[in-house]
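First the structure, in the form of structure tokens, and then the observations on it.
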Amino acid sequence: MIGPSHFASLVAHESKLQCSYRAFRLIALALVAIMSVFGASLAFGGDKLVGSVSFTESSYRVGAGDVLSFHVYHQDDLNQSSILVRSDGLASFNGVGELRVEGRSIGEIQKMLEQSLSELVKQPIVTVTVTQTRPGTIYLAGAVKHPGMYQLSTGNQNSMTGPSSTGPIARIDLRLSNILANAGGVKMNADLSNVRITRQGHEGGEESIAVDLWRMLRNGDASQDVMLQSGDAINIPELPNMAMSDADYDLVLNSSIGPETFPVRVIGELKTPGVYYLPGNSPYLNSAVAMAGGYTQEANKKIVAIRRFTKDNDASTLYVDPNKLDIVLRPNDVVYVSERSLAKGSRFFERVGQILKPFTDSAFTAGMLRSF
């Protein structure tokens, strides 16, 4: 027989358990809300709370062909994986049945499921994850290194194939910066402040989204790194000239959307002069010299001339000692290495002007700009 004191202790213990459950539920709900803001979902494995990155950003809309997983905390019989969103936009969930999920965000789907389960489970905690994205297509045009159509393939990892690749590329997500990086980066004459994304609206028609990538690069404005959807067409206009400042040039070149490579012409006393494509992560004068096979025995290694095209196709000549300053080159720079004997007199500068003069013609400059 349970005495009054024992019964009171049991009631107190039950009250503590209820308080602990409420506290845990509030913490779990807070974690779900926080993780959804930062583009991640929560998955529960055994007694452990495991965070995994997935496509849960509020801007991503589920569509036909997506595969979802469904988890209800402390209700293992309802948990479900490999839920296919069918072509009619419906998906079947344990304990709920069919729901129309096409065009909805992960957060919206979770709320729908929690409302539907509220009669079956007391205060259900639901987690939905996109485990596999639908196949889709992204179109790139304008001042991007490899414009064209890119196919997003499905699988355990999302990959992208297109003009710049011979097969699947490393794991990506659908943010604009990642798509541009996988397409070889933007050109250095890209108008990054006027990027335009054309998207099919949910109720028909087209939606136009304006993006200013300078706000992302200069100020860290993540809202400009738009989450893309299948069928999006991205256009990056070209600037009429190479009007970028030195600071902006360095910023783009060192960003994830900078060009993978860019062309420079190396002539004069080098073993294999010609046009070379410098990697964006090593855009230096000495790198260009190395790609051209290095200096000949007759080369003047103390003064190198660099012809550079700037605004309105104007050109200027820089004279650099590569032993003291390994200058950062720009697209379409012309590097000239003279003979040692010419460096001793004014004939050096005269010859530099004569040799580089053909490259200042508007036809040459325009052609090089179009190629990059």
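All values below were derived from every heavy atom in this structure, side-chain atoms included, with hydrogens, water molecules and symmetry-related copies excluded. Counting from 1, the numbers follow the sequence of the chain as shown.
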Least distance between heavy atoms, N286 atom then Y295 atom: OD1-OH, 4.2 Å
Residues in side chain to side chain donor-acceptor pair (under 3.5 Å) with D248, at least two apart? R218, S245
Verify same cluster id: V67, V126 (apolar side-chain graph, 4.5 Å): no
Side-chain donor/acceptor of T129 to backbone N/O of S69, under 3.5 Å: no
Are V320 and L329 linked, directly or through other ILVMFWY residues, by side chains that come within less than 4.5 angstrom of each other? yes
Do F70 and L113 have side chains that get closer than 4.5 Å, going by heavy atoms? yes
Tell me whether D250 contacts the main-chain N or O of A247 through its side chain, where contact means a donor paired with an acceptor under 3.5 Å. no
Between W214 and M216, is there shared hydrophobic-cluster membership here, with clusters defined by ILVMFWY side-chain heavy atoms closer than 4.5 Å? yes
Might you work through the side-chain contact (heavy atoms from CB on, under 4.5 Å) test for L78 and L117, ending with a clear yes or no? CA-CA 10 Å; L78 295 177; L117 287 171; 4.1 Å; yes
From CA spacing to verdict: side-chain contact (heavy atoms from CB on, under 4.5 Å), I106, V62: CA-CA 7 Å; I106 294 299; V62 170; 4.0 Å; yes
Any donor-acceptor pair under 3.5 Å linking the side chain of T296 with the backbone of K271? no
Donor-acceptor pair, R104 side chain versus I109 backbone, under 3.5 Å? no
Taking it one step at a time, do V304 and V289 satisfy side-chain contact (heavy atoms from CB on, under 4.5 Å)? CA-CA 10 Å; V304 172; V289 171; 6.0 Å; no
Run the side chain to side chain donor-acceptor pair (under 3.5 Å) test against T198 and tell me which residues pass, sequence neighbours left out. none
Which heavy atom in S282 sits nearest to a heavy atom in L278, and how many Å separate them? O-CD2, 4.0 Å
Distance, nearest 0.5 Å, that separates CG of L176 from CD1 of I236: 6.5 Å
Do L180 and L213 touch side chain to side chain, with heavy atoms closer than 4.5 Å? yes
Who pairs with E98 by side chain to side chain donor-acceptor pair (under 3.5 Å), at least two apart in sequence or on another chain? R86
Taking all non-hydrogen atoms of both residues, which atom of A64 and which atom of S87 are closest, and how far apart? CB-CA, 3.8 Å
As an exercise, state the distance from OG of S287 to CG of D326, rounded to the nearest 0.5 Å. 6.0 Å
Roughly how far, to the nearest 0.5 Å, is CG of L140 from OH of Y150? 6.0 Å
Which pair of non-hydrogen atoms, one from R196 and one from S208, has the smallest distance, and what is that distance? CD-OG, 2.7 Å
First locate atom OH of Y336, then atom CG of N300, and finally report the distance between them rounded to the nearest 0.5 Å. 9.5 Å
Given the rule that I, L, V, M, F, W and Y join up when any side-chain heavy atoms are under 4.5 Å apart, are V128 and L90 in one cluster? no
Across all chains, not counting sequence neighbours, the ring-ring contact (aromatic ring centres under 6.0 Å, His included) partners of Y249 are none
Quick check: closest heavy atoms across L318 and R308, and the distance to 0.1 Å? CD1-NH1, 3.9 Å
Keeping E260 on the side-chain end and G185 on the backbone end, is there a donor-acceptor pair under 3.5 Å? no
Are the side chain of N323 and the backbone of K301 linked by a donor-acceptor contact shorter than 3.5 Å? yes
Do the side chain of N219 and the main chain of D221 share a donor and acceptor less than 3.5 angstrom apart? no
Heavy-atom donor-acceptor pair, E108 side chain to G103 backbone, under 3.5 Å: no
Sequence neighbours left out, what passes salt bridge (Lys or Arg N to Asp or Glu O under 4.0 Å) with D232? Give chain and number order. R199
Point-to-point distance, once rounded to the nearest 0.5 Å, from CD1 of I257 to CG of N182: 13.0 Å
How many angstroms lie between CD in Q224 and OG in S193, if you round to the nearest 0.5 Å? 10.5 Å
Is the backbone N or O of V72 less than 3.5 Å from a side-chain atom of N79, with the two atoms forming a donor-acceptor pair by type? yes
Do Y284 and V328 come within less than 4.5 Å of each other through their side chains, counting heavy atoms only? yes
Check T272 against G293 and note the closest heavy-atom contact, atom names and distance. OG1-N, 3.6 Å
Sorted by chain and residue number, the side chain to side chain donor-acceptor pair (under 3.5 Å) partners of R100 (sequence neighbours excluded) come out as none
Can any side-chain N or O of E339 pair as donor or acceptor with the backbone N or O of E298 at less than 3.5 Å? no
Student check: side-chain heavy atoms of L228 and I234 closer than 4.5 Å: yes
hydrophobic_cluster_shared for V130 and L84, side chain cutoff 4.5 Å: no
